[in-house]
Amino acid sequence: MERERLTLRSRRGRLRRLLAVVIFAGTLTFGCVGLGQLVEPEEVTPPVLEEETVEAIEVLPTLTPDPEPKEIEVTPEDVPGPQLERGFLAALYEQTNPRVVSIRVYVEEGGMPAQGAGSGFVLDEEGHIVTNEHVVRPAEVVTVIFHTGLEVRADVVGLDPHSDLAILLVDELPEDVASLPLGDSEAVAPGDWVVAIGNPFGLGGSMSLGIVSAVGRTIPTEATPFQIPQAIQTDAAINPGNSGGPLLNLDGAVVGVNAIIATDDGGLGSGVGFAIPAGVVRRVAPALIEEGAYVWPWIGVSGLPVNLAVQEANNLEKQQGAYIAEIVSGSPAEEAGLQGATRIEQVFGLDVPVGGDVIIEANGDPIADFADLLVSVAFRQPGDTVDFTILRDGERQQVTVELGARPVTPDP
């Protein structure tokens, strides 16, 4: 195949457009589903809460695994499936719905007051509530509505745009409201039955049933260039207003926080739903509660998986590894000597980066693709060192990188 060789300098703009589809390709559009519908406000001028400054902190210890939820004792007699025992889902809903809340936010749109809707769930007996960061980020006032219809003010105590998670706090929980336990998201597998409960289209207390259709997805965030690893994909119906609500297994434990849908209609309707894994909640929530922020580790690279085009353009033996297309100036990757692409070639009519390192192992563990590299970094801490095995000009080399802290991301 004839290839047009170009310099990296002359094609850098095209390279960056290529990097925009590192993980996601095709015509799908990812849309946040928390503020998908704004409703006409009541004729009330809500008070404005004072804005708090959130500073980065050192990583706090993660939450310990929750015990098996003893309060939720509903168990189907047979293997869960389309023929679930009559009344099982109704009993599951009765046990879990009181622990799920609707969220109402008061914002300004074009200088005019408006309202938005989202979902959340009770994390602990102190009144902390988990939701999505994109649900409450623009809010001047946030309220929480419990299953009885009781509406109370909530304070935003922590925001993390990198994981799209936020923690709210209410002064007191109703007597009949308990917390939802966090489950083991790493144990979730395709084919598992899951339930989503939330506030789609402002219809609080809505439940949908589906299966886990894939795991280990990497999904974008609305406010940062970074992505969330190990997301859970589900066909359980998730719509605007479901954002921040729980994705539950049939034991009534939270395995994910519903966040976005991928659809070909601009994010306005049915599509494939994605949930932030409970493992990320377990890491981030304690820091948000204690300090208001969470510090993520960072190496400072952009890249893509080694597909056939990348393999042919770079003369690689295997379609394996995380291809490094660009290095961020001043990043830990640059300091360690990792190298990005030096030029671009055309393969199959596509611009393909050439000359960059390919990371194939991290501390001896194989790296299958760029999503694996994200996981290998994201669940460590700033200051940790990682020994990467790379391919450079066809030769294996070792590069040690000391992880830094992700740069502060400005508000969009």
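All residue numbers in this chain count up from 1 along the given sequence.
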Yes or no on side-chain contact (heavy atoms from CB on, under 4.5 Å) for Val105 and Val142, after CA distance, side-chain angles and deciding distance? CA-CA 5 Å; Val105 299; Val142 179; 4.1 Å; yes
For the pair Glu290 (side chain) and Pro286 (backbone), establish whether a donor and an acceptor sit closer than 3.5 Å, ignoring hydrogens and angles. no
Would you confirm whether Asn239, through its side chain, and Asn242, through its main-chain N or O, come within 3.5 Å as a donor-acceptor pair? no
Are any of the side-chain heavy atoms of Leu180 and Leu248 separated by less than 4.5 Å? yes
So, Gln320 side chain and Ala368 main chain: donor-acceptor pair closer than 3.5 Å or not? no
Looking at side-chain heavy atoms only, is the closest gap between Ile129 and Val144 below 4.5 Å? yes
Rounded to the nearest 0.5 Å, the CG atom of Leu288 sits from the CD atom of Glu133 at a distance of 10.0 Å
Are any side-chain N or O atoms of Tyr93 and backbone N or O atoms of Ile197, one a donor and one an acceptor, separated by less than 3.5 Å? no
Using a distance-only test with no angle check, is there a side-chain donor-acceptor pair under 3.5 angstrom linking Asp160 and Trp296? yes
Test side-chain hydrogen bond (donor to acceptor under 3.5 Å, both in side chains) applied to Thr400 and Asp387, step by step: CA-CA 4 Å; Thr400 300; Asp387 294 325; 2.6 Å; yes
Does a sphere of radius 6.0 Å around CD in Glu186 hold more than 12 heavy atoms from other residues, nucleotides or ligands, not counting ones at 6.0 Å or beyond? no
Donor-acceptor check, side chain of Asn199 to backbone of Ser102, threshold 3.5 angstrom: yes or no? no
Apply side-chain contact (heavy atoms from CB on, under 4.5 Å) to residues Ser163 and Tyr294 and explain how you reach the verdict. CA-CA 9 Å; Ser163 63; Tyr294 181 83; over 6 Å; no
Over all atoms of both residues, closest heavy-atom pair of Pro277 and Ala231: CD-CA, 3.9 Å
Are a donor atom and an acceptor atom from the side chains of Thr389 and Gln398 found within less than 3.5 Å of each other? yes
Over 12 foreign heavy atoms within 6.0 Å of CD, Glu317: no
Give a yes or no answer on whether the side chain of Ser119 reaches the backbone of Gly245 with a donor-acceptor pair at less than 3.5 Å. no
Could you tell me the separation between the CZ atom of Phe388 and the CD1 atom of Ile324, rounded to the nearest 0.5 Å? 8.0 Å
Residue pair Trp193 / Leu209, side-chain heavy-atom distance below 4.5 Å: yes
Could you give the distance from CD (Gln397) to CD1 (Ile390), rounded to the nearest 0.5 Å? 5.0 Å
Is the shortest side-chain heavy-atom distance between Ser185 and Val254 below 4.5 Å? no
Can you see whether Phe379 has Arg283 sitting over its ring - NZ or CZ less than 6.0 Å from the centre and within 45° of the normal? no
Heavy-atom check, side chain of Gln319 versus side chain of Leu308, under 4.5 Å: yes
Between the side chains of Thr218 and Gln227, is a donor N or O closer than 3.5 angstrom to an acceptor N or O? no
Which atoms form the tightest heavy-atom contact between Gly330 and Glu334, and what is the distance? N-OE1, 2.6 Å
One should read off an interatomic distance between Arg99 CZ and Leu123 CG, to the nearest 0.5 angstrom, of 12.5 Å
Heavy atoms of Asp351 and Ile344 approach each other most closely as CB-CG2, 3.7 Å
How close do Ala214 and Pro190 get, heavy atom to heavy atom, and via which atoms? CA-CG, 4.2 Å
Full working for side-chain hydrogen bond (donor to acceptor under 3.5 Å, both in side chains) between Ser179 and Glu125: CA-CA 6 Å; Ser179 60; Glu125 307 304 324; 3.1 Å; yes
Thr221 and Asp164 side chains, donor-acceptor separation under 3.5 Å: no
A side-chain contact here means heavy atoms from C-beta on lying under 4.5 Å apart; do Val301 and Phe370 qualify? yes
Give a yes or no on whether the backbone of Ala253 and the side-chain of Asp251 come within a donor-acceptor separation of less than 3.5 Å. no
Would you find a donor on one side and an acceptor on the other, under 3.5 Å apart, between the side chain of Asn307 and the backbone of Val310? yes
Any side-chain donor paired with an acceptor under 3.5 Å for Glu151 and Thr143? yes
Nearest heavy-atom approach of Leu92 to Thr96 is O-OG1, 2.8 Å
How many angstroms lie between CD in Gln339 and CD in Glu326, if you round to the nearest 0.5 Å? 14.0 Å
Could you walk me through whether Asn314 and Tyr323 pass side-chain hydrogen bond (donor to acceptor under 3.5 Å, both in side chains), step by step? CA-CA 10 Å; Asn314 290 271; Tyr323 185 88; 3.1 Å; yes
Nearest 0.5 Å please: distance from the CG atom of Leu165 over to the NE2 atom of His134. 11.0 Å
Does the side chain of Phe146 come within less than 4.5 Å of Val177's, by heavy atoms? yes
Hey, does Ile360 have a side-chain heavy atom less than 4.5 Å from the side chain of Ile367? no
